[in-house]
Amino acid sequence: MRSGLFIILITFFCLASPARAGDWSFDASGSAQALYGYSDVKSRYKNFNDNNHTPSAVSVSLSAEYDAGRGYRAGLYLDLSAGADKELEDYNQGKWGEEAYGIFDTPYGRVMLGQTYNAAYQFGVGAPSIGPLGVNNSDIVDFISNPNWKRNDKTASFRTLNSTDINTDGVAPKITYITPEFYHTMLGFTYVPDSYSRAGLINKHADYGRDDGYIAAAYTSVEIAGADVETSFGYAQFMDDDKEFSAGIRLSRGGWSLGGSFRRTYIDGGDYPQNVRTDPSRQPEFFDGYREGYAWNAGIGYEIGPYQAGLTYFAAKADNTDSEDRIIQFSNQYRMNRYLDVYLIAAHVDFRGAGREARDNNKGYAFIAGVGLNF
């Protein structure tokens with residue numbers, strides 16, 4: 001963690017604590033997942049895929065909060081994560097990562113400072129996400145790799161978008177302000193001084209790798225005809241040239257939920273053209289294809305007691321190549337008790353690359369079982 005960020009967070013926290021006595025609270029929690037999956041891909045891709053995969057992940061969250069009363073509250077937070085047998089090394093330190101940040105709540109809104117996702121990402125709604133894989137940035141790629149999404153210690157290449165939420169900047173250090181709720185609506189604004197993060201999409205060797213970004217977002221939640229309706233909208237501008245829009249909706253009633261979301265990216269300017277490979281060994285052809293394209297998802301979910309199920313579809317397409325992704329997932333989760341979850345998942349993927357070579361494409365089925373521990 002950068003020493004400068006740590007000093008800023010400590011200073012922010014101290015200034016946020018009023019002189020009079022308040023209530024302190026401390027918390028530590030975590031989770032771990034262990035999965036086994038069998039994948040069956042088409043014969044022309046078998047040389048590039050294993051049939052058996054056993055990815056695992058663990059996360060720990062630590063917090064210290066100070067409640068001064070009258071709507072004033074300050075907190076410091078540290079989230080630690082690590083994984084094994086993962087296809088994408090997209091924690092912000094590679095195989096592991098940390099997120100250190102401060103939150104200051106007042107009657108006039110919330111300020112967040114540190115390694116967090118931007119306001120549009122935090123507000124994002126869409127297809128119901130059930131189980132450990134997720135709908136956006138789906139970990140189904142741990143079982144059937146996607147040639148369009150690559151992130152390891154040598155290279156970063158996202159030829160298509162991997163999420164309908166705006167995640168270009170990942171958890172790069174940033175400042176976010178979120179308004180109080182008014183008329184069932186909240187607004188959020190984020191400034192990112194340095195948009196690069198391994199948890200995001202940017203290749204750090206690109207000319208624009210260290211430029212800034214601005215994000216604005218809105219979230220609403222209302223009840224209509226007995227159903228809860230959530231909507232989200234986001235707009236982002238990175239390194240002046242790159243524009244992004246996102247929108248999502250989710251309806252919930254009883255144990256059912258139905259939702260979908262959409263994201264569009266495009267380049268508006270000539271400062272940083274697409275596919276400028278200043279370091280070809282670390283920047284494959286169309287390594288930044290995500291900068292012009294779109295993604296969308298849709299799905300339905302059901303929950304009754306300790307059981308949850310969801311059927312979802314995710315698709316992404318690049319504008320300037322034939323790269324395209326399609327993912328169908330049927331996810332099941334059962335909570336045995338407060339400590340133990342059980343997962344069963346089936347998925348079909350169709351990953352199409354810019355060329356016809358087998359190594360640039362993938363297609364097949366995956367069947368996954370696993371457990372999750374909460375502590």
Side-chain angles (χ1 to χ4, degrees), residues 35-56 83-90 95 127 131-164 201 203 274-275 277 280-299 311-331 343-370:
L35 305 175
Y36 167 75
Y38 176 81
S39 60
D40 183 19
V41 300
K42 294 189 68 173
S43 57
R44 72 185 298 250
Y45 311 128
K46 288 187 180 295
N47 291 337
F48 305 100
N49 290 269
D50 295 327
N51 295 117
N52 301 286
H53 303 266
T54 56
S56 58
D85 194 23
K86 304 284 287 181
E87 172 68 14
L88 296 179
E89 297 178 359
D90 56 0
K95 293 181 172 62
L133 299 188
V135 179
N136 288 321
N137 194 20
S138 175
D139 283 335
I140 190 62
V141 299
D142 290 340
F143 305 93
I144 302 179
S145 63
N146 184 352
N148 291 323
W149 305 347
K150 293 293 181 183
R151 170 76 79 178
N152 53 46
D153 59 353
K154 295 182 179 180
T155 188
S157 174
F158 289 91
R159 292 166 173 157
T160 56
L161 290 166
N162 66 350
S163 172
T164 57
L201 305 181
N203 184 307
Q274 194 176 36
N275 200 37
R277 303 167 67 203
S281 66
R282 296 177 180 270
Q283 297 167 318
E285 190 75 20
F286 276 101
F287 69 96
D288 58 355
Y290 75 88
R291 296 173 62 201
E292 291 205 322
Y294 62 88
W296 64 278
N297 67 37
L311 178 63
T312 58
Y313 181 81
F314 175 89
K317 179 73 174 68
D319 285 351
N320 300 318
T321 70
D322 292 330
S323 293
E324 185 175 5
D325 311 312
R326 300 175 184 176
I327 302 171
I328 301 174
Q329 285 182 191
F330 179 50
S331 301
Y343 312 115
L344 288 174
I345 303 163
H348 176 261
V349 306
D350 185 359
F351 301 137
R352 303 178 184 182
R356 298 180 60 86
E357 294 83 359
R359 68 175 63 252
D360 292 332
N361 298 265
N362 216 345
K363 186 176 183 178
Y365 294 86
F367 305 93
I368 301 149

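As a basis for the values below, the full set of heavy atoms in this structure was taken, side chains included, without hydrogen atoms, waters or symmetry mates. The model shown is predicted, which means the values in this text are computed figures rather than measured ones.
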Trainee: Taking atom types as modelled and ignoring hydrogens, do the side chains of Asn162 and Asn136 form a donor-acceptor contact shorter than 3.5 angstrom?
Mentor: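 Note: Asn162 and Asn136 side chains miss the donor-acceptor criterion.
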Trainee: Roughly how far, to the nearest 0.5 Å, is the CG atom of Asp322 from the CZ atom of Arg356?
Mentor: 9.5 Å
Trainee: Partners of Asp139 by salt bridge (charged side-chain N to carboxylate O under 4.0 Å, His left out), sequence neighbours excluded?
Mentor: Lys86
Trainee: Main chain of Gly299, side chain of Thr312: is a donor-acceptor contact present, judged purely on distance under 3.5 Å?
Mentor: no
Trainee: For the side chain of Ser145 and the backbone of Val141, is there at least one donor-acceptor N/O pair under 3.5 Å apart?
Mentor: no
Trainee: Measuring from atom CG of Asn275 to atom CZ of Phe287, what distance do you get when rounded to the nearest 0.5 angstrom?
Mentor: 6.5 Å
Trainee: Can you tell me how far CG of Asp350 sits from NZ of Lys363, rounded to the nearest 0.5 angstrom?
Mentor: 4.5 Å
Trainee: Might you work through the side chain to side chain contact (heavy atoms under 4.5 Å, CB included) test for Ile328 and Phe330, ending with a clear yes or no?
Mentor: CA-CA 7 Å; Ile328 301 174; Phe330 179 50; over 6 Å; no
Trainee: Less than 4.5 Å apart, any side-chain heavy atom of Asn320 and any of Phe286?
Mentor: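 They are in contact (side-chain heavy atoms under 4.5 Å apart), so the answer is yes.
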Trainee: Regarding Thr160 and Asp325, do their side chains bring together a donor and an acceptor under 3.5 Å, going by distance alone?
Mentor: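 Indeed, the side chains of Thr160 and Asp325 share at least one donor-acceptor pair under 3.5 Å.
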Trainee: Mark yes when over 12 heavy atoms from residues, nucleotides or ligands other than Arg359 sit less than 6.0 Å from its CZ; otherwise mark no.
Mentor: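 Counting other residues, nucleotides and ligands, CZ of Arg359 stays at 12 neighbours or fewer.
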Trainee: Among residues at least two apart in sequence or on other chains, which ones pass salt bridge (charged side-chain N to carboxylate O under 4.0 Å, His left out) with Lys42?
Mentor: none
Trainee: Nearest 0.5 Å please: distance from the CZ atom of Phe351 over to the CG atom of Asn146.
Mentor: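 That separation rounds to 4.0 Å.
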Trainee: State, with a plain yes or no, whether a side-chain heavy atom of Tyr343 is found less than 4.5 Å away from one of Ile368.
Mentor: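 With C-beta onward as the side chain, the pair stays apart.
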Trainee: Can you list the residues that meet the side-chain contact (heavy atoms from CB on, under 4.5 Å) rule with Ala298, with sequence neighbours excluded?
Mentor: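 So Ala298 forms a side-chain contact (heavy atoms from CB on, under 4.5 Å) with Trp296.
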Trainee: Hydrogens and angles aside, do Thr321 and Ser323 bring a side-chain donor and acceptor to less than 3.5 Å of each other?
Mentor: yes
Trainee: Does any part of the side chain of Asn148, heavy atoms only, come nearer than 4.5 Å to the side chain of Phe158, both counted from C-beta?
Mentor: no
Trainee: So, Asn152 and Glu89: side-chain donor and acceptor under 3.5 Å apart, yes or no?
Mentor: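 Note: Asn152 and Glu89 side chains miss the donor-acceptor criterion.
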Trainee: Examine distances only and state if a side-chain atom of Asp90 and a backbone atom of Lys150 form a donor-acceptor pair shorter than 3.5 Å.
Mentor: no
Trainee: Any donor-acceptor pair under 3.5 Å linking the side chain of Asp360 with the backbone of Arg352?
Mentor: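 No, because the side chain of Asp360 does not come within donor-acceptor range (under 3.5 Å) of the backbone of Arg352.
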Trainee: Rounded to the nearest 0.5 Å, how far apart are CG of Asp142 and CG of Leu35?
Mentor: 8.0 Å
Trainee: Is there side-chain contact between Leu133 and Ser331, with heavy atoms separated by less than 4.5 Å?
Mentor: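 No, every pair of side-chain atoms sits at 4.5 Å or beyond.
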Trainee: So, taking the atom named CG in Leu201 and the one named CZ in Arg159, what distance separates them when rounded to the nearest 0.5 Å?
Mentor: 14.0 Å
Trainee: Could you work out, with side chain to side chain donor-acceptor pair (under 3.5 Å) as the rule, every residue matching Asn52, not counting sequence neighbours?
Mentor: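 Expected list: Tyr36.
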Trainee: When you look at Phe314 and Thr164, which way does the side chain to side chain contact (heavy atoms under 4.5 Å, CB included) test go after all the steps?
Mentor: CA-CA 9 Å; Phe314 175 89; Thr164 57; 4.3 Å; yes
Trainee: May I ask you to decide if Phe143's main-chain N or O and His53's side chain share a donor-acceptor pair within less than 3.5 Å?
Mentor: yes
Trainee: Have Ser138 and Gln329 got a donor and an acceptor in their side chains that come within less than 3.5 Å?
Mentor: yes
Trainee: Does some side-chain heavy atom of Asn362 sit less than 4.5 Å from a side-chain heavy atom of Val41?
Mentor: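 Heavy-atom side-chain distance check passes, below 4.5 Å.
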Trainee: If only side-chain N and O atoms count, and only distance matters, is there a donor-acceptor pair under 3.5 Å linking Asn51 with Ser39?
Mentor: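 No donor-acceptor contact under 3.5 Å links the two side chains.
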Trainee: Could you list the residues that satisfy salt bridge (charged side-chain N to carboxylate O under 4.0 Å, His left out) with Arg291, not counting sequence neighbours?
Mentor: Asp242, Asp288
Trainee: Please enumerate all residues that pass salt bridge (charged side-chain N to carboxylate O under 4.0 Å, His left out) together with Arg326, with sequence neighbours excluded.
Mentor: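 Result, salt bridge (charged side-chain N to carboxylate O under 4.0 Å, His left out) vs Arg326: Glu324.
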